[in-house]
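Notes for the one structure printed next.
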Amino acid sequence: MLITRLVLAADRFRQWLIAQFVLLLLTILKLFPPDKAINFMDRVARWIGPKTGRHKLTLINLRNAFPEKSDAEIEEIALESWGNMGRLAAEYVFLDRLFDFDPARIEPGRVDVSGIPLFLELRDNPRPFIVFTAHSGNFEMLPVAGSAFGLDVTVLFRPPNNPYLADRVFEFRRQRMGNLVPSHAGSSFALARQLERGGGVGVLVDQKFRKGLKTKFFGQDVQTNPLLAKLVRQFNCEVYPARCIRLPGNRFRLELEPAVEIPRRTDGSVDVTATAQMLNDKVESWVREYPGQWLWYHDRWHIKRTL
């Protein structure tokens, strides 16, 4: 028992140290102008990323997804992906300052929004709906945009594993993104209640899900969370794809696309597996367009178990 308590105490202390380092780094970044901090973190991540164990997984994922690309092209995408991670860290600090979209402004700002009529239509004609996205570009900006347009959206998010960071991250997100639901065993009920009230739900659909439906992603077997399809089946709500694209000069384009057609069986019921596959196909099309803006270190295909 004593040894167990000592091990647990050591692990808590390790997580506390990591949290303090991360929070100190973010505090220091905030002292600098946003562009300088973002560009600096891009360079740092491109230097550190290839030295981590995750870089091997990143290269394997990229080679499996793009067998037609050369080693040089794969390495270039991997470095861009690490730079994207560094930018995400810095942009997190400046999130409330980066979103500067103003439809009345003539000169382009840092954020361009595509699909404004859809935002306004969902706001002015409230009804249950789901918006899905992926870990591409700065995906954190999408709920900020929804909140800025006055949409009633509850966002499902996965809190950090580090408990000392989780509370700080949750509070930061809550102030800028509206209603949040941490991903856990009961989160589906919270999302269902939101849809039942006639509100909207935002979800990421490209995460690894061990007990998910058997589907394909880049031609390889993956398991996909059936939650979105099951919510559609229960509430018959519209589903909208949305994504963030990085542009040159630390600018962004946020795109809200028209509602997708949900696959259905011959009896009219939602085909849950086909819907999950449709989500994968949409995300894959996004990633193929901007491969360096996706998080390739993520073990989407359960590769780590074979390393």
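Reckoned from all heavy atoms, side chains included, excluding hydrogens, waters and symmetry mates. Numbering starts at 1 and runs along the sequence shown.
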Heavy-atom neighbours of Glu238 CD exceed 12 at 6.0 Å: yes
Plane angle bin for Phe218 and Trp301 - parallel if under 30°, tilted between 30 and 60°, otherwise perpendicular: perpendicular
Student check: side-chain heavy atoms of Val283 and Asp281 closer than 4.5 Å: no
Pair Glu91 + Arg246: basic N to acidic O under 4.0 Å: yes
Side chain proximity check, Phe132 to Pro241, heavy atoms < 4.5 angstrom: yes
Backbone N/O of Met41 and side chain of Arg87: donor-acceptor pair under 3.5 Å: no
Pair Asp221 + Lys216, salt bridge at N-O below 4.0 Å: yes
Results of side chain to side chain donor-acceptor pair (under 3.5 Å) for Glu75 - residues two or more places apart only: His55
Pi-cation contact, Phe32 with Lys36 (under 6.0 Å, within 45°): no
Sidechain-backbone polar pair: Asp112 side chain, Arg253 backbone, donor-acceptor under 3.5 Å: no
Distance-minimising heavy-atom pair for Ala242 and Val131: CB-CG1, 3.6 Å
Asn280 and Glu284 side chains, donor-acceptor separation under 3.5 Å: no
Side-chain donor/acceptor of Arg300 to backbone N/O of Gln223, under 3.5 Å: yes
Thr58 side chain vs Arg54 backbone, donor-acceptor pair below 3.5 Å: yes
Residue Phe40 excluded, over 12 heavy atoms near CZ under 6.0 Å: no
Co-membership, hydrophobic cluster, residues Leu247 and Phe101, 4.5 Å side-chain: no
Salt bridge Arg63-Glu73, side-chain N to carboxylate O under 4.0 Å: no
Non-neighbouring partners of Ser136 that pass side chain to side chain donor-acceptor pair (under 3.5 Å), sequence neighbours left out: none
Non-neighbouring partners of Arg123 that pass side chain to side chain donor-acceptor pair (under 3.5 Å), sequence neighbours left out: none
Residues Arg264, Asp271: salt bridge by 4.0 Å N-O rule: no
Residues Asn138 and Gln293: side-chain donor-acceptor under 3.5 angstrom: no
Test of ring centre spacing under 6.0 Å for Trp294 and Phe217: yes
Any donor-acceptor N/O pair, Asn61 side chain to His298 backbone, under 3.5 Å: yes
Lys214 NZ: over 12 foreign heavy atoms closer than 6.0 Å: no
Under 3.5 Å donor-acceptor, Ser147 side chain and Val144 backbone: no
Exam field: side chain Arg127 to backbone Asn125, donor-acceptor pair closer than 3.5 Å: yes
Test: Arg110 and Asp100 ion pair at under 4.0 Å: no
Any donor-acceptor pair under 3.5 Å from Trp296 side chain to Pro291 backbone: yes
Salt bridge flag under 4.0 Å for residues Arg46 and Glu80: no
Enclosure of Lys51 NZ (heavy-atom neighbours >12, cutoff 6.0 Å): yes
Side chain to side chain contact (heavy atoms under 4.5 Å, CB included) assessment of Val203 paired with Thr133: CA-CA 6 Å; Val203 294; Thr133 190; over 6 Å; no
Exceeds 12 heavy-atom contacts within 6.0 angstrom, atom NZ of Lys69: yes
